[in-house]
Amino acid sequence: MNPRAKELLDWYDHNARRLPWRTSPQARATGELPDPYRVWLSEIMLQQTTVAAVRSYFERFTSLWPTVYDLAAAPDAQVMGEWAGLGYYARARNLLKCARVVAFDMGGAFPCDPDALQALPGIGPYTAAAITAIAFDRPATVVDGNVERVMARLHDIHTPLPAAKLELTEKAAIVTPQDRPGDYAQAVMDLGATLCTPKNPACGLCPWRVPCRARAEGTAASLPKKTPKKPKPTRFGTVYLARRVDGAFLLERRPDCGLLGGMLGWPGSDWTEGEAPDHSAPIRAEWKTLPAEARHTFTHFHLRLIVRHALVPMDRTPERGSFLMPEEFRPSDLPTLMRKAFDLWQGAA
DNA sequence: TATCCGTGGAT
DNA sequence: TATCCAAGGAT
């Protein structure tokens, strides 16, 4: 094994984080591999998402659906509701698609090579490599944000991302060992997450402090360089929170494509820059406007949402959405933006 | 290659 | 308050 990988694995043996989707150190010592289903589920949840945010979702999902068969058999609406709040909802839609392919077309067994894995919905180059290495302990080079940062610093690479991606991937591949590839993959990411952090890296504790070129040059904290991002515009819109006299709420399922796709939400206007666009209420009622608006920031724009509300008689038929009784609807099923609107309404009542 | 797609915590 | 950032993928 190359000396870099050995240094890192030695560090990992003493510093590995205990995470719900990892096997215990004792089990790992006996060569026991983690359940590919749990590895896959955790990796999908961890895409662009912090460990702290994922923990409770992972526990909840594996409790509700212990196997890929259980998840494949789950209703779409329940899975989307359980994913609510975690963001990037295409992940949840692809999660179900993938579970059903694996359960119904592959006999419940995840493929063990990167190409076959990457052919599945929601699995890209990173996730395919991660599952290959972690679940099957087969050599594969994982390149996520952590690895990019670690490699940029180790080799003092100043080319900004994403242009540097290929070079960083090559550097990562050179260090990846044939032995213990699963532990190594998790070790690099643990290093990036705990020591080689974006700000204030703990270089003094790093197992690679000696070979690290950026540390020698004093450039570690400024790497990797990234091309500047565009400023976020602000969009405006209106949502309608209708409660029927029997307690039912008027909600609609958003289309699978686009923002918050597949999620439950309050009917409303489009969201546009400048003034809110023309639109009509989803049902005839005496609408009132809440004094505060719901503010939310998405990946590429800010949103300010006017929240209107009304109590609706039993005999009205909505032009959009459908009424859900309280036992059919949990506020926790809503994506965060819609949840903010609900909380504003509830706080005003 | 560039854009779209969420959210919450850290700074 | 504003910005950055996290175990990325799809188009």
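Naming: A, B, ... by sequence-line order, numbering from 1 per chain.
Both the sub-6.0 Å distance and the 45° axial angle are satisfied by A/Arg244 relative to the ring of A/Phe323. Cation-pi geometry between A/Arg308 and A/Tyr240 is not met: the NZ or CZ atom fails to fall both under 6.0 Å from the ring centre and inside 45° of the normal.
Within the 4.0 Å cut-off from OP1 or OP2 of C/dG9, at least one side-chain nitrogen or oxygen of A/Thr127 is found. For C/dG9, neither phosphate oxygen OP1 nor OP2 lies less than 4.0 angstrom from any side-chain nitrogen or oxygen of A/Lys97. Using a 4.0 Å cut-off, no side-chain N or O of A/Gln48 falls inside it from OP1 or OP2 of C/dA6.
As a whole-Å value, the separation of A/Arg55 CZ from C/dA6 P is 18 Å. Atom-to-atom, CZ of A/Arg91 to P of C/dA10 comes out at 12 Å; the value is rounded to the nearest Å. What separates CG of A/Leu86 from P of C/dG8 is a distance of 13 Å, to the nearest Å. Here C/dC4 presents its C1' atom at 13 Å from NE2 of A/His302, a figure rounded to the nearest Å. Atom pair A/Leu168:CG and C/dG8:C1' shows a separation of 16 Å (rounding to whole Å applied).
At a threshold of 4.0 angstrom between heavy atoms, the contacts of A/Arg339 with the nucleic acid are absent. Residue contacts shown for A/Arg17 include a base, since a base heavy atom lies under 4.0 Å away.
Taking the P atoms as reference points, B/dG6 lies 14 Å from C/dT11, given to the whole Å. Taking atom C1' in both B/dT1 and C/dA10, the straight-line distance is 14 Å, to the nearest Å. Taking atom P on both nucleotides, C/dA7 is separated from B/dA10 by 15 Å, rounded to a whole Å. Atom name P, nucleotides B/dT3 and C/dC4: the rounded distance is 16 Å, in whole Å.
Inspection of the A/His300 and A/Lys232 side chains reveals no N or O donor paired with an N or O acceptor under 3.5 Å. In this structure, a donor-acceptor pair under 3.5 Å is present between the side chains of A/Asn146 and A/Arg149.
Among C/dA10, C/dA7, C/dC5, the nucleotide with an atom closest to any side-chain atom of A/Asn94 is C/dA10.
For the pair A/Ala163 and A/Thr49, nearest-nucleotide mapping onto DNA chain B gives the more 5' position to A/Ala163.
Between A/Phe301 and A/Phe298, the two ring planes are tilted [angle within 30° to 60°].
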>> Could you walk me through whether A/Tyr12 and A/His14 satisfy the ring-ring contact (aromatic ring centres under 6.0 Å, His included) test, starting with their C-alpha distance in whole Å, then the side-chain angles of each, then the deciding distance to 0.1 Å, before giving a yes or no?
In response: CA-CA 5 Å; A/Tyr12 182 73; A/His14 299 284; over 10 Å; no

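Where DNA chain B meets chain A (any atom under 4.0 Å from a heavy atom), the bounding nucleotides read 5' to 3' are B/dT3 to B/dG8.
Pairing of B/dG9, defined by two Watson-Crick or G-U wobble distances under 3.5 Å, is identified with C/dC4.
No side-chain heavy atom of A/Thr234 sits under 4.5 Å from any side-chain heavy atom of A/Leu303.
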